[in-house]
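In what follows, a structure is listed as structure tokens, so that the remarks can point back to it.
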Amino acid sequence: MDLYVIGVVLLPLIGFLINGILWDKNNRIVSGTIASACVAGSFVLSIIIFLSVRAASVGERSFLIHFYDWIHVDALKVPMAFLIDPLSSIMCLLVTGVGLLIHIFSIGYMDEEKRPAKYFAFLNLFIFNMLILVLGSSLLTTFIGWEGVGLCSYLLIGYWFEDSKKADAGLKAFLTNRIGDAGFLVGLFFLYKLFGTLNYQDLNVLALSFNSPESLGLLTAGLLGIFIGVCGKSAQIPLYVWLPDAMAGPTPVSALIHAATMVTAGLFVMIRLSNLIILSPTAMAVIATVGALTALIAAIIGTCQWDIKKILAYSTVSQLGYMVLAAGVGAFGGSLFHVLTHAFFKALMFLGAGSIIHALHHEQDIRKMGGLKKTMPITAITFTIGWIAIIGIPPFAGFFSKDEILWSAWAGEHGHFLLWFMGWAAAGLTAFYMTRLMVLTFWTPSRSEHKAHESSPLMTIPLVCLAVLAIFGGLLGIPEVISHGLGIHIPHFLNEWLDEVAYIHVIHGKVSHEIILMLLSVGIAVFGAIAAFLLYGKHQDTRERIVSKAPKFFELVSEKFYVDELYEKMILKPLRLLSESLWKDVDQKFIDGAVNGSNTSIKKLGQGLAAVQNGFFQNYLLFMIVGLIAILTVFVRYI
Amino acid sequence: MDFFYIFFQVIKMLVIFLLMVTMVPLLVWVERRGSAFIQNRLGPNRVGPLGLLQLLADAVKFFFKEEFVPKNGYKTIFYLAPIVALIPGAIAFGAIPLGIPLDIGAFNAFGQTWGPYNLGFQSFELGIGVVFVLAVASLGGYSLLLAGWGSGNKYSMMGALRACAQMISYELALGLSLVGILLIYGTFSFNDIVNMQEGPLNFSIGQKDIVIGFLPNWGIFFQPLGAILFFVATFAETNRAPFDLPEAEAELVAGFHTEYGGLKMLLFFIGEYGHMMVASALMTTLFFGSYHIPFVTPDGLLSFLNSFMGAGFAKWIQFLIFHISFMLKVIFFLWVFVWVRWTVPRFRYDQLMDLGWKKMLPWALFNTVVTAVAMLLLA
Amino acid sequence: MDLASVFFWILSIPILVGAICVVFSKNPLFSALFLVLSMVGLGALYFQLGAHFISAVQIAVYAGAVMVLFVMVLMLFDRKAVESEEAAVIKNSQFKWLLVSVFLGLMLGLIFSQSFIAGPDTILPEATSVVSTKELGNLLYFKNILSFEILGLLLLVIAVGVVSLSRIEGGSDD
Amino acid sequence: MSQMLWIGILTLIVITFGALMLGVASLLGPKVKSLVKSEPYECGIPVPDEDKSMSKTIPVQFYLTAILFILFDIEIIFMFPWALIYKDGIEAGQGPYLLISMGIFIALFVVGLVWEISSKALDWEK
Amino acid sequence: MTDLLSFFQVSLNHYLALGLILFTLGLAGVFIRKNLIVILMCLELMLNAVNLIFVAFSHYQGIPLGQVYVFFIMTVAAAEAGVGLAIAISIYKRFGTIKMDLLTALKG
């Protein structure tokens, strides 16, 4: 078992090193295949691990592989060790599986790139870091992966650093993540202060026996700290601004990092700490509200975006909002289920968008697209599958996971009507902007001047695989109601799988309520889709009328609620002012002044003293005599 | 320290000082007659018998000469110089015993008896006789410098500097030559030195005492070279004879005397001749047994005199005889001064200085070392 | 008031007058002559204090040799450089005079306070007899022979040094 | 102590004698003021006082003789006490010690003298 | 009356006072006069004052060693005067003046 784990982790690192050495060779096939081979290897190994975990009996499915003691300072003992248990094995599968597909896609995508080796090296490094994050046995080892992943996202977003805007985007992503990480660390310290250890297994054990109300405040603070880290990494309300700009990177990168893996890291940590989160209701309330709000606002902004990748980015933010909402209401199983399903269809849509952009020679504005249904059939079909999955039409994956979240938001003991309503409205808006996207890119007549043609097989095969996954993803967690309705007992596979690792709650709402909610959510999805189809299809004029009725509101929305400008004004400007004043007044005037002042004063003193030594020997004698007199006076008085 | 003692002392000092002062005209007379005799001419014989009163006439003439001070000279220093010239000679002469001590019996006057006194025939007897004379002699240089500086003109200044330089060079030789004789005597006070020179020549080599009957026990036989060096040095010390370049008429217009005339000149002469007398007196006391007569001892003479006259009277006669013998010796050396002056040609200045530094000083040093080694070996 | 005290007071007059004139006289030559006077006075005082040989040495070395050197050197300089308008200097340095007089006052206070406390002559033993030159000689040649030899060396060094000093450029060898 | 007295008295006598002589002479002597007479006695070209050639170049010999006189005079003065105790020293058996110590001193004296002579410091111009 | 008379009775203090006055005069001379030669003379005066005090103490304490030291001081003072004047002469030759206030080359 240890060998497999080492293999899983080290293979991407080896790929990174090899590509690193071939740094400036511009043979993309060679470096691409090396990278994909490595990821494939680690994918196969993670399958073996998954199976062996599955083979183990239900009770002891978690294996701790201890390499060495990384930090050993009297009480603090942080081992460098990997924890293999149901949660990490499934995440491993997700990361390596989706990673492999994206690697294959990007071989095709990166055809006119100068130095593909560099790109593939970074990708492998990203996978390596993600695996450490996932397999980490303690919060600190996870944190290492956490940082590594942040680094790789920066490198990959700013991949075309010659263009200053893209470089700024990379920097923005990195900085916002750093802010989040700071919160994460503070939370870490609180938890360590409280529990004295950071290992997940010990934490879970301590969590069960935690009953001291007075340290509840400390626990909540710790959890909120960690939640800030999660907001940073998984782009929640305060710190989501970096994700839309992260689209500046190459599209496969967006697919891999900003859809499937990195953004879900926050959720992974929350699930790991689920036993703790359950203990503090206030933390859960905060998390739930933030999640719901993010989902709603991101959806609203998404409706007015024109750049294809921006739309997908905001939809990712909104879906992440759902996952956090699920964690907030205690449906940790549901949030992981949504993570998986979302990874499939979002990666699918991003890669689809990638092949469109690739075909239209980097044209990203959907107003200049259209008519791609006929010219790019495979991309079109796979994209429509993804579209259906995301808006939540029953047989597809999206419906089941979103429905479970909405149901637990409504019926869970931590749930609340408002949370459900926001989630529900967001679902409607998601349907609206996704269909808007589909209409403008595929179904309306072509508006682009480029002659689009289907992408190479290298790009289309991953699309197809992802499409299949998007379709059958839902089977992982079919809710009781449906399985009960259909008469066959399909176990909610995921909840059972996670039971021993995380807190899986059981909802005791009435079956009728559940069915009504399902119908409601499907209804809102269908309504949104039809509305978008009409407004962007034949009745362009009614859309103009609606927009003209409240132009400022729509302008506000299209400008993303001026959040960036808000940050700029509220935080960055004062910060800049503060630093400038610090630089000018404090540093220059005060400190330099003091330093220069001291030496000029000493120089003056020196000159003053030098004047005394003016060569007249009688002056020297004067001093001698004065000294003599001084001694004498003392002497006379004391004899 | 009663009244009479002081009275007798003062009288004694006056007598000795006047003795020196009256000797000066005599010496001048001797000088003029001597030089005439050497140059085969007559010399002063108009005034008084053999011209003896000539000096008196000169002195009277000097009194009536005009006194004036040169333009850019310093008045006070100009007048101070002659007086300063007098002092060293007189004081040095006072320290030298001129004869046998006189003891006066007890007598009574003013109603009380005044105890017997023993008056040494010298102004004051000092434990540090020899080095005192040397010290006072070294003050002699100031009169020259003052005269030179006071008279303000360049020639007298140069003359004064040269004379002083010469004087101090030979003072060195003088001092060093004395060291030899001091080694022999082992004391500074003149009285001890004189008493040591009594009787026949006797010294001890190893443990044996050797007595040479026919020679008196004088210093000359112990230190012949020292005596010669000493005598030559005194010539230079008094700017006499071969060493009188600084105030030689032909060379530097009489050197530092140029501006002086009249009585001030006379005082300078008195100073000079005083120095000569001190030199010859030193010569006699240190090397020629002061008042000792070769084969006669003071007691022997006294007993001989008692045989044919009264005791008190005999003492006076003995005192007188010894004094005369001392004076004879001094006059002999004075004559040598005069004699050398009119026979030996004058030295050139650099020869004079070379002689002083490069000949006299080394020889004196040699003499000292030899005596010291000899004393050690022959002890 | 025995004879010694009389002599002390009589001799202190020329010494002090000489010393004061040395500092105050305008013409350096006069100050030199007054210094000679004060030195001879000191010599007499040494005689008074029983140091006969030292008084002879004082007169022979100090008064007779060093001051002769001073007078000669002064005569060598031409008048203008030597006689300087010193009167002004002496007059307008009141502060310096104040300083010096404070020093004098303090020291005198020190000396006399010392004796008054302990009474005029209790602290000081009665005057002892005259120190003969032989005694001095024994001390010098048996106890301090080393310093005596070093002094000999010093004099040699000075002799060589002075000659080379006077030969520095500008010296006239004519 | 009394010897001091006699010396004092003798100096007084001499000074009064000298002052007396000068006083009488200046009283008796005629007082004729005339410029020529008080001119400093000059033979040859009178050298004006100011630019005396001597101002800068000082004849070194006078000064050198004087300083060397001081140094050697002190060395001679050092010999006097030695001369005194030498005779007793020999009786007391310290003779060689005294001789050697003074020998060193005299050696230094000789070295100084020889160096002076060889360095032509004392050579006067012809 | 008697203590007045006793004041005139000479003791060690009187010699010390005389020596001190001489020393101070010498110090003042060195301190105030501008002429280098006069300064050297005042220096000699100060040394003489020290000698006097030495002899006075040796006389009153009955220790003849004091006089030996006076002996040494005299030689050193004479040597010092000689060298001082040699320097004065070379200064005179070099700068044409021996006024101290013009000789200020040695300064900071």
Side-chain angles (χ1 to χ4, degrees), chain C residues 1 4-5 8 12 16 19-20 22-23 28 31-32 35 39 42 45-46 49-51 54 57 61-62 66 69-70 73-74 77 81 84 86 89-90 93 96 100 103-104 107-108 111-112 115 120-121 124-125 127-128 131 135-136 139-140 144 147 151 154-155 158 161-162 165-166 168 170-171, chain E residues 5-6 8-14 16-18 20-22 24-29 31-35 37-38 41-42 44-45 48 51-52 55-56 58-62 64-65 67-68 70-72 74-76 78-79 81-83 85-90 92-94 96-99:
Chain C
M1 269 286 281
S5 321
F8 170 79
S12 64
L16 281 180
I20 292 167
V22 163
V23 176
S31 62
L35 190 54
M39 281 186 183
L42 274 173
L45 213 58
Y46 292 155
L49 280 168
I54 293 292
V57 169
V61 168
Y62 258 128
V66 172
L69 170 66
F70 269 101
V73 164
L74 281 173
F77 289 132
S84 50
E86 294 269 341
V89 166
I90 299 167
S93 44
K96 295 183 183 177
V100 169
F103 167 73
L104 180 65
M107 287 298 278
L108 282 176
I111 293 172
F112 283 102
S115 69
D121 48 13
L124 303 167
T128 53
V131 176
E135 210 177 317
L136 203 62
L139 260 177
L140 186 61
N144 306 74
S147 37
L151 270 180
L154 171 74
L155 291 173
I158 300 286
V162 162
L165 249 178
S166 64
I168 300 174
Chain E
L5 204 62
S6 77
F8 283 100
Q9 168 60 36
V10 163
S11 69
L12 178 62
N13 289 1
H14 292 76
L16 294 188
L18 178 63
L20 176 68
I21 293 169
L22 283 182
T24 327
L25 279 173
L27 185 67
F31 191 33
I32 289 161
R33 292 300 293 262
K34 283 283 179 283
N35 186 336
I37 307 286
V38 175
M41 279 190 223
C42 295
E44 290 301 317
L45 185 60
N48 274 334
N51 283 348
L52 172 63
V55 170
S58 92
H59 175 68
Y60 275 90
Q61 306 285 1
L65 190 61
Q67 291 175 17
V68 173
V70 168
F71 214 79
F72 293 153
M74 277 194 197
T75 49
V76 170
V83 171
L85 281 170
I87 294 173
I89 284 197
S90 38
Y92 180 71
K93 280 185 196 154
R94 179 82 175 61
T97 166
I98 45 172
K99 284 199 191 55

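So that the names make sense, note that chain A is the first sequence line, chain B the second, and so on, each numbered from 1. What you see is a predicted model; the values in this text were computed from it and never measured. The basis for the numbers below is simple: all heavy atoms, side chains too, and nothing from hydrogens, waters or symmetry mates.
With chain C as the partner, the residue from E:Leu22, E:Leu45, E:Asn48 showing the most heavy-atom pairs under 4.5 Å is E:Asn48. Between chain E and the residues C:Ile158, C:Leu104, C:Leu16, C:Val162, the largest count of heavy-atom pairs under 4.5 Å involves C:Leu104. For the set C:Ala32, C:Gly161, C:Ser12, the entry with the most heavy-atom pairs within less than 4.5 Å of chain E is C:Ala32.
For C:Phe103, the part lying near chain E is the side chain, with the backbone staying farther off; criterion is any non-hydrogen pair under 4.5 Å. Within the 4.5 angstrom heavy-atom criterion, only side-chain atoms of C:Leu154, from C-beta onward, approach chain E. Contacts of E:Leu16 with chain C are made by both backbone and side-chain atoms, with heavy-atom separations under 4.5 Å. For a residue to count as touching a neighbouring chain, one of its non-hydrogen atoms must lie under 4.5 Å from one of that chain's; by this rule C:Val22 touches chain E with backbone and side chain alike. Residue C:Leu108 touches chain E through both its backbone and its side chain, counting heavy-atom pairs closer than 4.5 Å. Residue contact with chain C, scored on non-hydrogen atoms closer than 4.5 Å, involves the backbone and the side chain of E:Ile37 alike. Using a 4.5 Å cut-off between heavy atoms, C:Leu45 touches chain E through its side chain atoms alone.
In terms of the ring pair (Phe, Tyr, Trp, His ring centres under 6.0 Å) criterion, residue partners of E:Phe71 (sequence neighbours excluded) are, by chain and number, C:Phe53, D:Phe78. C:Phe8 pairs by the ring pair (Phe, Tyr, Trp, His ring centres under 6.0 Å) definition with E:Tyr15, not counting sequence neighbours.
Taking CG of C:Leu35 as the reference point, atom OH of C:Tyr62 lies at 9.5 Å (rounded to 0.5 Å).
Using a 4.5 Å cut-off on side-chain heavy atoms (C-beta onward), E:Met41 and E:Arg33 make no contact. Put simply, the side chain of C:Leu136 reaches to within 4.5 Å of the side chain of C:Ile54, judged on heavy atoms. For the pair C:Leu140 and E:Phe72, the minimum side-chain heavy-atom distance is below 4.5 Å. At least one side-chain heavy atom of E:Leu65 sits under 4.5 Å from a side-chain heavy atom of C:Asn144.
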